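Each remark here refers to the structure printed beneath this line.
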Amino acid sequence: MATTKELNVEDKLRAIYDLQIIDSRIDEIRNVRGELPLEVEDLEDEVTGLSTRLDKLKSDLVSIEEQIKTKKSAIEEHQTAIKKYTAQQKDVRNNREFNSLTKEVEFQELEIQLAEKQIKELKASIEHKKEVIANSKEKLDQKTSHLKHKKAELSDIMAETQKEENFLMEKSAEFEAQIEERLLAAYKRIRSSVRNGLAVVSIERGASAGSFFTIPPQTQVEIAARKKIITDEHSGRILVDAALAEEEREKMQALFANL
């Protein structure tokens with residue numbers, strides 16, 4: 001395992017502040033994308049869900065049409081049976097046989113009525129399904145178009161920023177490798193716990209950047225001496241003096257300018 005080169009305190013402060021500048025720039029790039037990648041992902045899920053639902057509706061429609069065909073076929077069979085029983089009534093020898101055939105005819109007629117009622121209900125279901133399919137298709141077309149637009153938007157942003165982000169990610173890893181594990185762990189812990197991701201800040205007008213709490217003059221002198229790592233007692237952030245911060249910002253700006 002590679003060992004981290006031992007740095008003096010000032011070099012540690014410079015390295016950790018440079019890392020903060022780089023990571024903040026990565027944050028800015030990702031903030032430009034904002035929620036767009038998640039929005040694209042959600043739209044993709046919606047389109048997939050709508051497509052699946054539309055396929056299911058179309059499958060249901062085919063199934064209903066097959067049921068109607070089956071019912072119509074059954075009606076034809078019942079009609080054939082009625083003709084047969086009616087013809088047999090002409091050759092009966094007694095009332096019992098006649099009444100029995102009459103009951104068979106009535107039963108077949110009831111089956112036809114039931115099938116016709118079911119066909120009517122199935123046809124109504126088809127009309128409803130067609131309406132739902134039309135609405136679903138319209139919604140799917142809208143979502144697909146919106147997804148295409150968002151993907152193009154994301155692609156444009158990625159094309160503009162991906163090269164810079166990749167470069168900065170490499171630089172971030174390089175600076176992390178220069179920083180001792182304990183300090184790096186503290187940096188990452190602080191960074192993850194604050195809303196703006198600033199774990200290292202400079203002194204501005206007697207207070208840590210973004211804070212209203214004044215830092216005692218003696219502490220400011222110690223920070224400017226760069227002899228030890230000092231944190232803000234209110235925010236927990238690592239503090240650097242304004243001169244060092246300005247020097248490192250200029251150095252990083254020169255680095256970014258080469259992109």
Side-chain angles (χ1 to χ4, degrees), residues 26-92 97-166 169 192 195:
I26 293 171
D27 290 344
E28 288 175 13
I29 291 171
R30 290 176 177 172
N31 286 336
V32 168
R33 292 200 290 266
E35 298 295 320
L36 195 53
L38 290 176
E39 192 175 346
V40 167
E41 187 177 331
D42 288 344
L43 281 169
E44 286 175 336
D45 290 343
E46 276 193 76
V47 167
T48 299
L50 285 168
S51 296
T52 301
R53 182 167 185 262
L54 194 56
D55 289 342
K56 176 68 167 55
L57 287 167
K58 288 177 179 178
S59 177
D60 289 347
L61 198 59
V62 171
S63 176
I64 292 171
E65 289 171 344
E66 286 299 320
Q67 290 179 57
I68 290 174
K69 287 181 182 179
T70 301
K71 297 294 180 185
K72 286 182 176 180
S73 178
I75 288 173
E76 291 177 0
E77 291 175 3
H78 294 313
Q79 289 172 338
T80 299
I82 289 172
K83 288 178 182 179
K84 182 182 74 171
Y85 294 136
T86 302
Q88 287 176 356
Q89 282 178 324
K90 295 176 183 179
D91 299 324
V92 296
E97 290 181 5
F98 184 86
N99 290 336
S100 177
L101 289 169
T102 298
K103 288 181 179 179
E104 287 292 344
V105 169
E106 289 174 350
F107 174 75
Q108 298 299 324
E109 287 174 341
L110 287 172
E111 288 294 304
I112 288 173
Q113 289 175 18
L114 177 61
E116 287 175 340
K117 180 183 177 183
Q118 290 172 335
I119 287 172
K120 185 177 180 181
E121 291 171 350
L122 289 168
K123 285 183 175 179
S125 180
I126 283 177
E127 291 307 309
H128 175 68
K129 291 281 184 187
K130 285 182 176 178
E131 185 178 341
V132 174
I133 286 171
N135 291 335
S136 296
K137 189 175 185 306
E138 182 181 355
K139 189 174 181 180
L140 176 60
D141 290 342
Q142 290 174 349
K143 291 293 182 181
T144 301
S145 176
H146 191 42
L147 173 59
K148 184 179 179 181
H149 171 73
K150 287 296 179 182
K151 276 187 170 180
E153 187 179 341
L154 179 59
S155 179
D156 288 344
I157 292 173
M158 291 295 289
E160 292 174 3
T161 61
Q162 194 63 58
K163 180 181 176 182
E164 182 180 0
E165 183 178 357
N166 290 342
M169 289 291 289
S192 65
R195 186 170 53 84

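On a predicted model such as this, the values are computed, not experimentally measured, just so you know.
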Crowding at CE, Met158 (>12 non-hydrogen neighbours, <6.0 Å):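 Yes, enclosed.
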Do other residues, nucleotides or ligands put more than 12 heavy atoms under 6.0 Å from Arg53 CZ?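 Open.
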Rounded distance [0.5 Å steps], [atom1] in [X] versus [atom2] in [Y]:
X: Lys58; Y: Ile133; atom1: NZ; atom2: CD1; answer: 7.0 Å
X: Lys148; Y: Ser155; atom1: NZ; atom2: OG; answer: 12.5 Å
X: Thr144; Y: Leu50; atom1: OG1; atom2: CG; answer: 8.0 Å
X: Lys129; Y: Ile64; atom1: NZ; atom2: CD1; answer: 5.5 Å
X: Glu66; Y: Leu122; atom1: CD; atom2: CG; answer: 12.0 Å
X: Gln142; Y: Glu138; atom1: CD; atom2: CD; answer: 5.0 Å

Between Lys84 and Glu104, does a salt bridge (Lys or Arg N to Asp or Glu O under 4.0 Å) hold up when you go through it step by step? CA-CA 10 Å; Lys84 182 182 74 171; Glu104 287 292 344; over 6 Å; no
Are [X] and [Y] ion-paired here, with the side-chain N under 4.0 Å from a carboxylate O?
X: Lys150; Y: Glu153; result: yes
X: Arg30; Y: Glu165; result: yes
X: Glu116; Y: Lys71; result: no

Grab the two heavy atoms, one from [X] and one from [Y], that are nearest each other, plus how far apart they are.
X: Val40; Y: Leu147; result: O-CD1, 3.7 Å
X: Phe98; Y: Gln89; result: O-NE2, 3.6 Å
X: Val47; Y: Leu140; result: O-CD1, 3.7 Å

Can you check whether [X] reaches [Y] side chain to side chain, under 4.5 Å on heavy atoms?
X: Thr102; Y: Glu106; answer: yes
X: Leu101; Y: Thr86; answer: no
X: Ile119; Y: Lys123; answer: yes
X: Phe107; Y: Glu111; answer: yes

Evaluate Val92 against Gln88 for side chain to side chain contact (heavy atoms under 4.5 Å, CB included), listing each step before the verdict. CA-CA 7 Å; Val92 296; Gln88 287 176 356; 5.6 Å; no
Using distance alone, with no hydrogens and no angle criterion, decide if Gln162 and Asn166 have a side-chain donor and acceptor under 3.5 Å apart.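 Short answer, yes.
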For Ser59 and Asp55, indicate whether the former's side chain and the latter's backbone hold a donor-acceptor pair under 3.5 Å.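 No; zero donor-acceptor contacts below 3.5 Å.
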List the steps and the verdict of side chain to side chain contact (heavy atoms under 4.5 Å, CB included) for Glu35 and Leu38. CA-CA 5 Å; Glu35 298 295 320; Leu38 290 176; 3.2 Å; yes
Asp141 and salt bridge (charged side-chain N to carboxylate O under 4.0 Å, His left out): which partner among Lys139, Lys143, Lys137?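 It is Lys137; the other options fail the test.
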